[in-house]
Each structure stands twice: as structure tokens, then as C-alpha cells.
S.K.: 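Pasting a structure here, questions to come.
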Amino acid sequence: MRVAIVTESFPPDINGVAHCTLQTADHLYRRGHHPLVIAPAGPPGGPPPAAAGGPPESQGELDRSHPYPVVRIPSLPLPGYPQVRVALPSRKLAASITSHHSDVIHLASPFVLGARGMTAALRLRIPAVAVYQTDLGSYARTYLGAGENAAWRRIRAVHTAADRTLAPSTAAARDLDEHGVPRIRLWPRGVDTERFHPSRRDPELRRSLAPGGELIVGYIGRLAPEKNVELLAPLSKLPGVQVVVVGDGPSDPALRTAMPTARFLGRRTGNDLARIFASLDVFAHTGPQETFCQTVQEAQASGVPVIAPAAGGPLDLVDHGRTGLLVPPGDATEVTDAVSLLAADAKLRAAMGHAGREAVEGRTWEAIGDQLIDHYTEVLAARTAVAA
């Protein structure tokens, strides 16, 4: 099967869309399929393609650091959030899909580049599967103070045109349905249960982060307004608690000011990130706008109890009282109380961490990737049946 994946973000970006797209493309390649990734290019002066040799002019800049083609479309930084790149209009998208002879188009969190991918799919009469992953309506409200309805009009238009929309959680599926999006199916996210594992707990790292043996409470993710990381500020004042923050983003300076005793470790990836996850005593996620929340799964795979808002994706992931604790969104007091409860009971922390690990052991990227291939196959069969 030849699958063109049109995505709003791809590594070296570090976010949920980029990570999921990478795992999807890698899985398709390992299963013997032929993925093509089309993504926004990075900033000028960034790292060049990994291998020499230019692609045909119609394919744009070709990133050769993967075993499958990755076409980069020229982009500009999003105003106010330069870490996010927005692809510019380009004929290279449709030309790349045509030369790839794609059987199906996968639209990863479509909004700008993905909307153009949907247009190309309609023009070329190629079936499209749209993966809903980002609550762009809430982002518009957070960053612009307006535009939520306009964002949903755009989302609805793209997803309605697709043959199938895949939602990562029951909350996301409900939001899509309430906004009039048809043909919705659930498709969650996988987790690397080998990389994220309790065995990576590192006593030396723990001593360096909490030399007094404090309870280590960690947040790992983007540092941005919608993540509400400032809710952890009261924790940083609790005796016997050490807050650790991993990630970067526009809120970094303000958070450092609000939590002067917290340890800020910056952006971390790979086995280094997994070692940090497993070395936490409690993982606290604070953002209420998650359509899934991959970091919750990674904490669970690492054997760490989770505190998360009772909203969005975490509702599917956290079994309250068994694998972690759900708290009212935006309530710093409830977050503090939940941490205090876990701090006072090491056996409860251990039990929740063990239950969390058990809960995700079957959610490997291989299993989730095979589910995605089944979705492609069903969409292609439905198109064939209609054509017949």
C-alpha cells in the first residue's frame, strides 16, 4: 500500500503530532508498505537533508534522514509561537502525491497543509483518512482570544470531506460529533513500552534532582499557555517535594519566575527522556485541552502514578484511584491535594504505578499501527465498492 502522509508537523519538531506521524510512517515502512511524508520545512539555516543529492524539482526539499521519502514544504513561523511552522502554498504537495502514486492519503491533524492535502485528494480522487489530534478551537481561544468558531468551521470542512475521521479519545470523538463531523472512528495512540519502562529508574539521577530525598513530581511537555503548568507553582513550595519540569516553549521564562525552586531540565528526548520519566515519583499533567495526552501513557509505561485533569484524553487513560488521580481542570488546590495524598502513601504510589504499567502493555505502536492499516483497508474497500 502506498500512503501519502500530509502532516502539520514532523521531527525534529517535538510534539504529539510529529511523534505520532513518525511512528505511523516507521510502522508502515516496517510492514512493507510505502509511506511518503509531506511536512513543513524547518527554519532557514536549519540542518540540511541528511544525504547529498537533489530530488526532482517537483518534489521540493527532500529530507533523506529516513528510509522513506520526506518532502519538506517551505514554511513560516506561527506569530507568537515560532516553534510552530505553517506551510506556505505550494504545488509541490500535489506533485509529490502524484509521483508517489498514492493509494490513500493520511491527513495528520489537518488544518493548513492538511487542508491542501484534502483538496489534492479530492482532485486526484484518492481516498483520505483524517486524523484529529489538536483542539485548534481551544488554541484559537487561548492565543487569539477569538476565532474558535472559525477554527471549527475549518476543521469541519476538512474532516467532512475525508472518507473517515479518526479520533484519539472518546472525548475528542464527542467534540467532533457535536460539531457535525461525520464518519468518526476511534484510533488511540501507541506507546513504546520498551523505551518507557520502570527499569530505567535511575537512583543517581534522583539524587541529583532531589539530594534531600524529596518526592519528585514531574511535568513533561510543551511549556505553553494552554498547558497550565503554573498550577504546579504551589507544589514547589511544599516541604519534601521537588518539582521537575522537562520541555521548552514560550511560557518557559514566566514559569521559571513563578517556580524558582523547580528544576528546569529543558528539552529531552529518547532514552534520556525515558530515564527521567521512570525516575519520577509522580507525573502531573495540567493541560485541560488534550485530545489524547501521550505523556500520560509514557508515565504509565514507566510505572509512575499520574495526576491529570478530568477532561479530554486523560478521561480514557487514567482509571481514577487505580492508575492515578483525575482532578478538576484548572484547580491548583486539587492538584496540590492529590500530590499530598500520594506523597503520604508510598504503597499507593507503587500500586498505581504497577497498575498503570499493566494498563498500557498492550498499547504498543505495532498494535496501534496495525489498527490504522485496517482503517486504510476498509476505506479503500468502501471506495472500490462504490466505484463498482
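Sequence positions, counted from 1, serve as the residue numbers for this chain.
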S.K.: Count the heavy atoms belonging to other residues, nucleotides or ligands that lie under 6.0 Å from CD of E194, then report whether that count exceeds 12.
M.R.: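 No, the 6.0 Å shell around CD holds no more than 12 heavy atoms from other groups.
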S.K.: Quick check against the 3.5 Å criterion: does S279 have a side-chain atom that pairs as donor or acceptor with the backbone of D202?
M.R.: yes
S.K.: Suppose we screen for ring pair (Phe, Tyr, Trp, His ring centres under 6.0 Å). Which residues come up paired with H19, at least two apart in sequence or across chains?
M.R.: W365
S.K.: Is it true that R85 and E8 make a salt bridge, defined as a side-chain N closer than 4.0 Å to a carboxylate O?
M.R.: no
S.K.: Given salt bridge (Lys or Arg N to Asp or Glu O under 4.0 Å), test E366 with R31 step by step and report yes or no.
M.R.: CA-CA 9 Å; E366 288 74 19; R31 286 288 191 258; over 6 Å; no
S.K.: Where the side chain of T160 meets the backbone of A157, is there a donor-acceptor pair that is under 3.5 Å apart?
M.R.: no
S.K.: If you draw a 6.0 Å radius around OH in Y68, do more than 12 non-hydrogen atoms from other residues or ligands fall strictly inside?
M.R.: yes
S.K.: F111 ring centre to R154 NZ or CZ under 6.0 Å, with the angle to the axis within 45°?
M.R.: yes
S.K.: Contact between T7 and S109 at the side-chain level, heavy atoms closer than 4.5 Å - yes or no?
M.R.: no
S.K.: Could you tell me whether the side chain of L22 reaches within less than 4.5 Å of the side chain of P11, counting heavy atoms only?
M.R.: yes
S.K.: Please enumerate all residues that pass side-chain contact (heavy atoms from CB on, under 4.5 Å) together with A161, with sequence neighbours excluded.
M.R.: M118, L122
S.K.: If only atom types and distance count, is the side chain of R268 paired as donor or acceptor with the main-chain N or O of R275 below 3.5 Å?
M.R.: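 No; judged by distance alone, with no hydrogens or angles, the pair does not exist.
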S.K.: Is the shortest heavy-atom distance from the side chain of L223 to the side chain of L255 under 4.5 Å?
M.R.: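 SC-SC contact between L223 and L255 confirmed.
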S.K.: Given 3.5 Å as the limit, does a donor-acceptor pair link the side chain of R164 with the main chain of I184, or not?
M.R.: no
